[in-house]
Structures are given as structure tokens and as C-alpha cells.
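Scroll down for the structure; my scribbles are underneath it.
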Amino acid sequence: NSSEIYMTFLVDWSVAFLSLYDSTIMNNVMLPVTLSLCLCVCIQIEVFVKESLTEDTTHLRNNALHSEMTAMLDLGTKLHSQSTQHIRRLTDMETQVLNQTSRLEIQSLENSLSSIKLENKLLRQTSEINQLRDKTDALEQRMHNMEARHRAELGWIKSERTKLQRLLVSQSSSIQSLEHNLEQVITNNSALYREQLQLHSTINNLLKMCPKNKGKQIVDEVIYAHDREKIQDVMDNQFRICSHNVLINSLICEGTLYYTALTVYCNMESAGGGWTIIQLRKDGTLDFHRTWKEYKMGFGSLTEEHWLGNELVYKLTNQRQCTLRLELTDWDGKLAFSQYEKFYLGSEKQNYRLFLKSYSGTAGRQSSLVINGADFSTKDMDNDNCICKCALMLTGGWWFDACGPSNLNGIYYTSGQNSGKLDGIKWHYFKGPNYSLHATTMMIRPLDF
Ligand SMILES: [Ca+2]
């Protein structure tokens with residue numbers, strides 16, 4: 001074709017030129033012309049080459065591009081389908097992963113919830129354990145304290161026991177020596193008593209020999225058991241002849257019966273008179289908080305405050321049936337009385353028990369003495385019906401019940417001090433449970449007086 005012909009021409013030209021060029025160089029005469037020719041030829045060649053090259057290159061490039069494009073399109077299609085598959089697979093995997101992730105998240109949430117619950121429970125249990133530990137500590141401390149206290153108390157008790165044992169030993173030995181002394185004293189006493197009786201009879205004999213003796217009224221008179229006439233006379237008149245102040249008492253000493261005449265104080269005015277006074281209180285000069293023996297034998301002086309004696313009253317009230325009269329005066333000067341038609345006392349073995357019948361009087365509608373009976377009690381002899389000791393609480397000696405509505409042997413309180421006193425001279429149904437009376441008299445006389 002034309003381009004190939006053209007090329008051959010140009011090559012031929014070039015070779016010709018080059019040979020020309022070599023010869024030119026050999027003789028430098030035609031050099032500028034040769035150079036200009038050569039330059040012109042070269043420009044021509046360049047233009048030609050450029051044109052032909054541009055066409056061919058464009059064509060070739062288009063072909064290559066087309067085939068490349070086709071290949072690229074195939075590759076792109078393949079890649080697209082592959083990527084679509086990959087994408088689908090990836091999407092599936094993503095979905096699976098998401099599912100698993102959400103499941104795992106739920107599980108982890110559940111786990112965290114249960115762990116929070118467990119933590120809370122743990123915290124609560126820890127605090128409970130702490131509280132329990134505190135309590136245990138406190139209890140232990142208390143136990144230690146108690147143990148220490150108990151140990152100290154035990155020590156003290158042991159030392160006290162030792163002391164008491166020592167005391168017991170010494171007391172036992174002193175009791176033994178006292179018993180020994182007592183035996184000696186009893187022996188001495190009976191000897192003394194015998195001597196006293198002999199002296200008494202001697203004095204009586206002396207008094208009989210002295211007819212002008214006027215100061216004898218208070219002296220006791222001894223009447224011997226063989227003087228039956230005298231005894232009968234005194235016994236018959238013991239109440240009626242109260243102005244003579246004579247009563248009978250008896251005792252047995254070494255097989256011989258002795259009767260002694262005793263002096264009493266009489267009331268010849270109240271309710272027909274003839275009353276033998278067995279108790280008198282009027283001014284608080286005498287202490288009535290006494291022992292069993294003192295209440296048995298009597299105390300005080302006859303014209304002042306006194307208690308005649310339970311033994312004597314027992315004997316008198318068992319010889320003949322008697323009436324008891326009590327006269328009471330309050331702090332306003334009001335006088336009242338209580339009277340029992342029948343009255344007697346039991347023996348000492350019966351604790352001088354009180355027996356009463358038929359109450360009347362102005363010192364209360366009801367009897368302030370225990371009408372169905374009560375034993376006599378003193379501070380050293382508790383025969384009452386109380387688990388307490390009435391005679392110690394209320395003072396004096398009396399027929400307490402538990403502890404009963406009366407006690408005429410209580411403490412003597414003066415005017416203004418006499419109310420609100422439980423241990424005073426009390427006659428409940430006359431002045432109430434805590435009024436202490438001003439004056440009292442207890443007296444007896446035969447029922448058939
Ligand atoms: Ca008692």
C-alpha cells in the first residue's frame with residue numbers, strides 16, 4: 001500500500017542522504033546546503049511518520065480498547081455476580097451474626113441482672129452477718145461481765161459461808177456453855193424459890209404477930225393449901241369484894257399446893273360495877289410492846305396503865321363464867337363500849353385462845369374482836385393467821401387474826417398524832433382502821449353478878 005511505498009522511498013532517501021552527509025563532511029564545502037536539505041527531509045519524514053502513526057495507533061488502540069473493554073465487561077460481569085453472591089453470603093452471615101449478637105446480648109443482660117440480684121443478696125447477707133456478729137460480740141461481752149460478777153459473788157458467798165461456819169462453831173460452843181450455866185441457874189433458882197417461900201411465911205407470921213399493921217393493903221398474902229376455909233372465902237368473894245382487891249392464884253412447888261392472894265384494880269361504877277380490870281390505858285406512860293412471858297405474867301402498876309396477865313385471866317375466866325366489857329374513849333372525849341356476855345381464855349398450851357359470845361355495845365355495830373376466836377401473839381410468839389408477824393408489824397400482844405380489826409395494845413399516839421396510824425390503839429368498827437384511841441379499859445366480872 002501507499003504508506004509502505006512512501007516509507008521505502010523515505011528510507012532510500014535517508015540512505016542517500018546519509019551517504020551524502022558523509023561525503024559532505026569529507027569536504028565541508030556544501031555543508032550548509034546539505035544541512036538545510038537534510039532538515040527539510042527530516043521534517044517531511046516526521047510529518048509523514050506522525051500522520052501514519054496517528055491513524056494506525058488510533059485504530060489499533062480502538063481495537064485493543066474494544067477487546068479490553070469486552071474482557072473488562074466480562075470480568076466486571078463475573079466480578080459483579082461474584083460480589084453479589086459474596087454480598088448475599090455476607091448479608092446472611094451478618095444476619096446470623098446479628099441474631100447471635102442479640103441473643104448473646106440478651107443472655108448477657110439476663111446474666112448481669114441475675115448477677116446484680118446475687119450481688120444484692122450477697123450484700124444483704126453480709127450486712128446480716130455483720131449484725132449477727134455485732135450481736136454475738138455484745139452477748140459475749142455481757143456473758144463475760146456476768147461471769148465476772150458471778151465469780152465475785154461466789155467468792156463473797158464462799159467467804160461469808162466460811163465466816164458463818166466459824167461463827168456457828170463458836171456459837172455452838174457458847175450455847176453449850178450457856179446450857180450448862182442455865183442448868184446451874186435452874187438448880188440455884190429452885191433453891192432460891194424455896195428460900196423465898198420460907199421467907200414469905202416468916203413475914204406472914206410476923207405480920208400476924210403485929211396487929212396494928214395498917215400499910216399492908218398492897219402486900220400479897222400467901223394462903224396455904226390446908227387453910228380450906230380461907231381459900232373458899234376468897235374464891236367466893238373474889239369478884240364481889242372487889243374493894244378488898246383480893247384474887248386467888250395457885251402454884252404447885254415440890255408437891256405442895258400454895259394459894260396466893262393477889263391485888264387487882266376494880267371498877268365499881270360502870271354498868272352496876274364489880275368489874276375486875278384486866279387492861280388499862282390512859283396516858284401512854286407504859287410500853288406495851290412486850291414478850292410472851294410479860295403478857296403471861298402481866299406488867300404495869302394496878303392504879304396506872306397495866307396488863308393483868310393472861311395466866312391469871314385464864315384462871316379467873318375458867319373458874320366461873322365471865323362477861324367482858326371494853327370501854328373506849330376517843331380524842332373528842334366520846335365514850336363508847338363493847339360487851340361480850342360470855343368470855344374466857346384457853347390455857348397457855350392453847351396460846352391463850354379467845355372465846356366470845358353475844359356481842360353488844362356502842363363501839364360499832366359489829367365486833368372488833370375476832371368473834372370466832374383467835375390465838376394470842378406477841379413479838380416473840382407468832383400464832384396469828386398471817387404469813388407475816390402481826391405483833392411485830394402492829395406492835396403489842398393481842399388476839400390477831402390476819403391481822404384483824406383491833407389491837408388495844410398498840411402504840412399510844414398523842415392528840416394530833418393519832419390519825420393515819422396502823423399500829424396505834426385500834427378498834428376498827430368504832431373509829432376506823434387507822435385511828436388511835438385516847439383511853440381504853442378491859443374488865444371482867446362473873447356472868448351471874
Ligand atoms: Ca404469822
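First listed ligand is number 1; within each ligand, the first listed atom is number 1. Starting from 1, each residue takes its place in the sequence as its number.
- Every residue two or more places apart in sequence or in another chain that forms a side-chain contact (heavy atoms from CB on, under 4.5 Å) with E147 is listed here: M143, H144, R151.
- Under the 30°/60° scheme for interplanar angles, the aromatic rings of Y359 and Y340 are found to be tilted.
- The side chain to side chain donor-acceptor pair (under 3.5 Å) search around K431 returns D330, not counting sequence neighbours.
- Residues passing the side-chain contact (heavy atoms from CB on, under 4.5 Å) test with T95 are T91, N99, sequence neighbours excluded.
- Put simply, the side chain of R290 gets close to the backbone of D287: a donor and an acceptor are under 3.5 Å apart.
- Within the protein, the N, O or S atoms sitting under 3.0 Å from the Ca ion (ligand 1) are D382 OD1, D382 OD2, D384 OD1, C386 O, C388 O.
- The aromatic rings of F355 and Y344 sit parallel to each other, their planes meeting at less than 30°, with 60° as the upper class boundary.
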